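A short write-up of the structure that comes next.
Please read these numbers as outputs of a predicted model, since none were measured by experiment.
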Amino acid sequence: MADAAKTIDVTILGRSYKVACEDSEREALLQAVAFLDGKMNEIRKAGKVAGTERIAVLAALNIAHELLSTKIGGGFDIGQAKRKIAAIEARLDAALAKQEKLF
């Protein structure tokens, strides 16, 4: 059975928000809150943008850009990394199998 959603209080850019979250996802939510709060504070400290709404939109655009950059050619390709890891594991398994025959 899925965890029951509970309401937790989070703070982003000095403002409190109540967010529904299952216990199993609480840590991931808190990490997302910390990440977003950090991005928004960076923008606010730069001093070029006024207003919480504008800061939130710019933070969202920056985060979306980072995400898309990692998905489209210019960034980290998780699929390629998994394939490389699998190839390394296969080589290790083969090397260990040869070693087992020695003993």
Side-chain angles (χ1 to χ4, degrees):
M1 184 166 102
D3 294 336
K6 295 179 182 176
T7 302
I8 63 171
D9 293 317
V10 298
T11 302
I12 301 171
L13 206 61
R15 294 181 66 180
S16 293
Y17 299 91
K18 290 190 180 296
V19 180
C21 179
E22 294 181 5
D23 284 340
S24 62
E25 296 179 355
R26 185 175 190 274
E27 188 60 36
L29 173 66
L30 292 176
Q31 288 176 358
V33 166
F35 184 76
L36 177 59
D37 187 53
K39 290 289 186 182
M40 290 178 70
N41 275 304
E42 286 175 16
I43 293 167
R44 181 175 66 180
K45 286 177 184 174
K48 296 179 181 177
V49 179
T52 304
E53 184 177 313
R54 288 179 180 264
I55 291 171
V57 168
L58 283 177
L61 285 172
N62 288 339
I63 292 167
H65 179 264
E66 289 174 15
L67 175 65
L68 291 174
S69 292
T70 59
K71 283 186 171 182
I72 303 171
F76 185 74
D77 182 350
I78 191 75
Q80 182 182 13
K82 286 181 178 179
R83 288 188 295 277
K84 285 183 179 180
I85 290 170
I88 291 169
E89 287 176 337
R91 278 196 237 151
L92 286 171
D93 288 342
L96 289 173
K98 289 179 184 177
Q99 293 295 318
E100 288 176 6
K101 291 179 183 177
L102 296 174
F103 298 102

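T11 OG1 to Y17 OH: the interatomic distance, rounded to the nearest 0.5 Å, is 9.5 Å. Atoms CD1 and CD1, from I55 and I12 in turn, are 12.5 Å apart once rounded to the nearest 0.5 Å. To the nearest 0.5 Å, atom CD of residue E66 and atom NZ of residue K39 are 3.5 Å apart.
Side-chain contact between L58 and R54 is absent, with no heavy-atom pair separated by less than 4.5 Å. Residues L30 and I8 are in side-chain contact: their nearest non-hydrogen atoms beyond the backbone lie under 4.5 Å apart.
In this structure N41 satisfies the side-chain hydrogen bond (donor to acceptor under 3.5 Å, both in side chains) test together with D37, R44, sequence neighbours excluded.
Applying the salt bridge (Lys or Arg N to Asp or Glu O under 4.0 Å) test to residues at least two apart or on different chains, none of the pairs has a partner in residues 55-64.
There is no path of hydrophobic side-chain contacts, each under 4.5 Å, that joins L67 to L36. Note: the hydrophobic cluster containing I63 also contains V49 (ILVMFWY, side chain heavy atoms under 4.5 Å, direct or indirect links).
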- List the steps and the verdict of side chain to side chain contact (heavy atoms under 4.5 Å, CB included) for V19 and V33. CA-CA 11 Å; V19 180; V33 166; 6.0 Å; no
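Summarising the geometry of A59 relative to I43, their closest heavy-atom pair is N-CD1, 3.4 Å, with the distance given to 0.1 Å.
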